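Below is one structure, written out as structure tokens; the observations come after it.
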Amino acid sequence: MLKTTLALAGVAVLAACASHAPKSPMSMQPDNAMLPEAVRVPAGTHHLMTATGVGEITYECRMKSGMAGQHEWAFVAPQAMLYSDDRRMVGRYYGGPTWESTDGSKVTGKQLGAAPGRPGNIGLQLIKADPAMGSGAMSDVGYIQRLNTKGGVAPAAACNASTQGARQQVKYEADYVFYRR
């Protein structure tokens, strides 16, 4: 009897924990009211999915525009794999910007808004998607948010006349939240 009672109590605890477990990234929808206004999606949009991007951002040491003799690390392009909550690759993200699903559908977009990330992390973004190419996971995407960023800021290495033209890849992660128009 005691073993049965303990077993049932264990099942009840597991069930209670499971019901309070955080939602998986693919189904997780952020509370837009808690985000900086510049990266909130417009009212009336509907969450489609969330994927975690893991990859690198390439920077190049270039002369600052209009600043003779001064150099800076300039953004060149991102490259990341997109993963579901169960660590299954569901697509990729690359320059354009372009988000491409493993089903072949893809979408590009233009930044509508940005907000600073936490120190040492790239900023948050709101992207307005252009019409998608192909039919599949990306075909109904209207907006994309980049949230929960980790890393990706320009290198701390020296950038000057002697390193001009040098490129460096910086690791980063971010959640990409996709919305239907």
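Residue indices begin at 1 and follow the sequence shown. Just so we're clear, the structure is a prediction, and the values are computed from it rather than from any experiment.
Residue Trp73 is grouped with residue Phe75 when hydrophobic side chains (ILVMFWY) are merged at heavy-atom distances under 4.5 angstrom, including chains of intermediate members. In the hydrophobic clustering of ILVMFWY residues, with side-chain heavy atoms under 4.5 Å counting as a link, Met49 and Val41 come out apart. Cluster annotation: Leu35 and Tyr179 are assigned to the same hydrophobic cluster (Ile/Leu/Val/Met/Phe/Trp/Tyr, side-chain heavy-atom contacts under 4.5 Å, transitive). Cluster membership check: Ile122 shares its hydrophobic cluster with Leu82, using side-chain heavy-atom separations under 4.5 Å among Ile, Leu, Val, Met, Phe, Trp and Tyr.
The two residues Met89 and Met81 make their nearest non-hydrogen contact at SD-CE, 3.1 Å. Of all heavy-atom pairs spanning Pro30 and Leu147, the tightest one is CG-CD1, 3.7 Å. Of all the heavy atoms in Tyr172 and Gly151, the pair that sits closest is CB-C, 3.9 Å. Contact record, Pro155 with Val170: CG-CG2, 4.0 Å, taken as the closest heavy-atom pair. Across all non-hydrogen atoms, the minimal contact from Asp103 to Ser105 is OD1-OG, 2.7 Å. Taking every heavy atom of both residues into account, Thr102 and Gly91 meet most closely at CG2-N, 3.7 Å.
Contact of the Tyr83 side chain with the Glu173 side chain is not registered, since no non-hydrogen atoms from C-beta on lie closer than 4.5 Å.
Here CE of Met63 is found 10.5 Å from CG of Asn160. Values are rounded to the nearest 0.5 Å. Distance CZ/Arg62 to CD/Gln164: 10.0 Å, rounded to 0.5 Å. Interatomic distance, CZ of Arg146 versus CD of Gln125, reported as 3.5 Å (0.5 Å rounding). Considering NE2 of His47 and CZ of Arg180, their distance stands at 10.5 Å, rounded to 0.5 Å. For the atom pair CD (Glu60) and OG1 (Thr163), the distance works out to 10.5 Å, reported to the nearest 0.5 Å.
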Donor-acceptor pairs are to be reported for all side-chain atoms of residues 126-144 against protein atoms at under 3.5 Å, with residues two or more places apart or in another chain.
{"residue": "Asp130", "atom": "OD2", "partner": "Thr108", "partner atom": "OG1", "Å": "3.3"}
{"residue": "Ser139", "atom": "OG", "partner": "Gly136", "partner atom": "O", "Å": "2.8"}

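Considering only residues two or more places apart in sequence or on other chains, Arg40 meets the salt bridge (Lys or Arg N to Asp or Glu O under 4.0 Å) condition with none of them.
The backbone N or O of Asn148 lies less than 3.5 Å from no partner atom in the side chain of Asp175, so there is not a single donor-acceptor pair. Side chain of Gln145 to main chain of Val39: a donor-acceptor pair is present (N/O by atom type, distance under 3.5 Å, no hydrogens or angles). Side-chain atoms of Arg118 come within 3.5 Å of backbone atoms of Thr149 as a donor-acceptor pair (strictly under, hydrogens ignored).
Among residue pairs with one or both ends in residues 64-115, none qualify as disulfide (SG to SG under 2.5 Å); sequence neighbours excluded.
Counting heavy-atom neighbours within 6.0 Å of Gln79 CD, excluding the residue itself, gives a total of 12 or less.
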Residue pair Gln169, Thr58: steps toward the side-chain contact (heavy atoms from CB on, under 4.5 Å) verdict:
CA-CA 4 Å; Gln169 283 79 33; Thr58 300; 3.4 Å; yes
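Classified by interplanar angle (parallel below 30°, tilted 30° to 60°, perpendicular above 60°), the ring pair Phe178/Tyr176 is tilted.
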